[in-house]
Amino acid sequence: MKVRLRFAPSPTGGLHLGGVRTVLYNYLFARQNDGDFVLRIEDTDQSRYVPGAEEYIIESLRWAGLEPDEGPHKPGKYGPYRQSERKAQGLYQKYAQQLLDQGNAYYAFDTPEELETMREKFKTAENPSPQYNHILRHRMRNSLHLDQDETKRLLEAGTPYVIRIRMEPGQTVQFTDMIRGEVTFQTDGVDDKVLLKADGMPTYHLAVVVDDFLMEISHAFRGEEWLPSAPVHILLWRYLFGEDKMPQWAHLPLILKPDGNGKLSKRDGDRLGFPVFSMNWTDPRTGEPATGFRETGFLPEAFVNLLAMLGWNDGTGQELFTLDELIEKFSMERVHKGGAKFDFEKAKWFNHEWIKKLPAAAYRHNVAELFAAQGIPTDDAPGAGATHGKFERVLELVKERCHLLPDFIQQAGFFFQAPTTIDTAAVKPKWNDAKNQFFAELVRQLQLAETWDAHTLENNFKEMAAAATIKPGDLLMPLRVMLVGGKFGPHVFDIVEILGREETIHRIKSALKLIND
RNA sequence: GCCGCGUUGGUCAAUCGGUUAAGACGCCUCCCUUUCACGGAGGAAUGAGGGGUUCGAUUCCCCUACGCGGUACCA
């Protein structure tokens, strides 16, 4: 049987990094086993529909390099890939009816208000959240309690109803989780979950089982928050298709907030100053913005790499992996059971490593866009074939000091635009007439220099310093500040070389004016 | 409350009964570097608690504690 996995998000907003990691593990397992990776949109809750969210998810996966083989944007033979469209074909209704016929499900006519009343009425200190289950269902308005004629009358009168699973008490439901091993539940503790809502839409519980069956899903990986409802899904498989056809389950550990405990949420990111979503996302209804890893300046290679390591490792201590290496080495057996706290510092370290590792050509267009947004001119025109242009050379020169893509603005911007302010405070205290004369002489020498490369430029500079009996060290920092505006940047003479004669002289002259002011 | 799942340094984590309990991030010290960074050397820092099983438990079992997840006509 072919290996087929699916990622089934609900299009309700930005894609959380935990979601991307679920995608990643799905993707890796599928690729590793020559299987298919399917994107299925779980839009069964019309009240939560958010325009643009589906496109956002698809774009996020594209950016991360985790492209599905099938999905709403890439129809295959198991379509449609949106549950709202599948519902329109009557797919779920049919199976709900089968459950009804078999006695595994029943009609329930309780209104939301009645349910609320029930919960209030039976709430005790012992049991703060009463369930609609084998104990209480006979006190509610459903086809198990009402007599046949009454049920028939209500149905014919068009009374709104839901279909609930009939949980048989006293049973043990067991399954093998790929990560956790044997997991056991007693049906007594599971309530009669709604399978088909009053609007005719299936709930997740029915939809996931029916769709996994119809789409021939062989392995179902999902977040740990789904573990408590696993018995419902297993029973549904048993009633509908047979447990032998059921996919293998794996419940992934959660990604936790860095401080304290609990699931990492967008709120935590806002509070602590780091992204939680894959890309920027603005809620179309509230207008509330959220930043993404992409826009924060993460490379997709780094994003995928750091996500992979949040809950898995290959046991060798290796931490840097390409997607291909991950496909080769990933194994569900080595996925952890416990959740991992997200550490943004470590995330930045991964990105730094990837910025260093990849040739600047891999991300120069992204950086060029950042520069353009700052109004800094570069020689990097999109589509320009200048692979060894100044821009790329500069990026190579400074990349080891950039953790995030926007760091290039500070580290490389001065190569293309003279600093607007100069840190004169860094040189003024030790400034004197001898230095003034030295730099005046330096300008003259630079004008005459026959060769313009970092090495000879540096040697000449040092000879001049010796002649002027000034320690080179006392001259290097002023030169640096004149050229870049502050105490940062790569080796000074690499800067001089790239800046060129005209620009170097120009910057020294104008800086001299400011310093002597 | 009930059900389920977890628990090795501040964080990510290796170990599949016997180790001086790896490695990485971060932090600190030093070297390199006449800035920063990279690179290199070193340092501080870990098995929640209690019972078993065993010649021997971080590792296997039980209990407790703690944490998390679920307990919706949301996924």
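Being a predicted model, the structure only gives us computed values, none of them experimental. By convention in this document, chain letters (A, B, ...) are assigned in the order of the sequence lines, proteins followed by strands, and residues within each chain are numbered from 1.
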Peer 1: Any side-chain N or O of A/Lys263 less than 4.0 Å from the OP1 or OP2 oxygen of B/G70?
Peer 2: yes

Peer 1: Would you indicate, yes or no, if B/A72 has its OP1 or OP2 atom less than 4.0 angstrom from a side-chain nitrogen or oxygen of A/Arg48?
Peer 2: no

Peer 1: Within the pair A/Arg480 and B/U34, is there a side-chain N or O less than 4.0 Å away from OP1 or OP2?
Peer 2: no

Peer 1: Answer yes or no: does a side-chain N or O of A/His336 lie under 4.0 Å from OP1 or OP2 of B/A13?
Peer 2: yes

Peer 1: Hey, does the side chain of A/Arg334 come within less than 4.0 Å of B/U15's phosphate (OP1/OP2), counting only N and O?
Peer 2: yes

Peer 1: Answer yes or no: is there an ion pair linking A/Glu54 with A/Arg82, defined by an N-O contact shorter than 4.0 Å?
Peer 2: yes

Peer 1: Give none if B/A13 has no partner; otherwise give the nucleotide forming a Watson-Crick or G-U wobble pair with it, both distances under 3.5 Å.
Peer 2: none

Peer 1: In the strands shown, is B/U20 matched to any nucleotide by a Watson-Crick or G-U wobble pair with both distances under 3.5 Å, and which?
Peer 2: none

Peer 1: Compare side-chain N and O positions of A/Thr44 against OP1 and OP2 of B/A75 and report whether any pair is under 4.0 Å apart.
Peer 2: yes

Peer 1: Does a nitrogen or oxygen in the side chain of A/Asn313 sit under 4.0 Å from OP1 or OP2 of B/C12?
Peer 2: no

Peer 1: Would A/Lys121 and A/Glu114 pass as an ion pair if we require N to O under 4.0 Å?
Peer 2: no

Peer 1: What distance, rounded to whole Å, do you find between the two C1' atoms, one in B/A37 and one in B/C32?
Peer 2: 12 Å

Peer 1: Do A/Asp177 and A/His251 have side-chain atoms, one donor and one acceptor, less than 3.5 Å apart?
Peer 2: yes

Peer 1: Any strand counts, and the cut-off is 3.5 Å on both contacts for Watson-Crick or G-U wobble. Which nucleotide pairs with B/U33?
Peer 2: none

Peer 1: Under a 3.5 Å cutoff, is there a donor and acceptor pairing between the side chains of A/Ser265 and A/Asp268?
Peer 2: yes

Peer 1: Ignoring backbone atoms, establish whether A/Lys356 has a side-chain N or O less than 4.0 Å from OP1 or OP2 of B/G39.
Peer 2: yes

Peer 1: Does a side-chain N or O of A/Lys197 approach OP1 or OP2 of B/A75 to a distance below 4.0 Å, or not?
Peer 2: yes

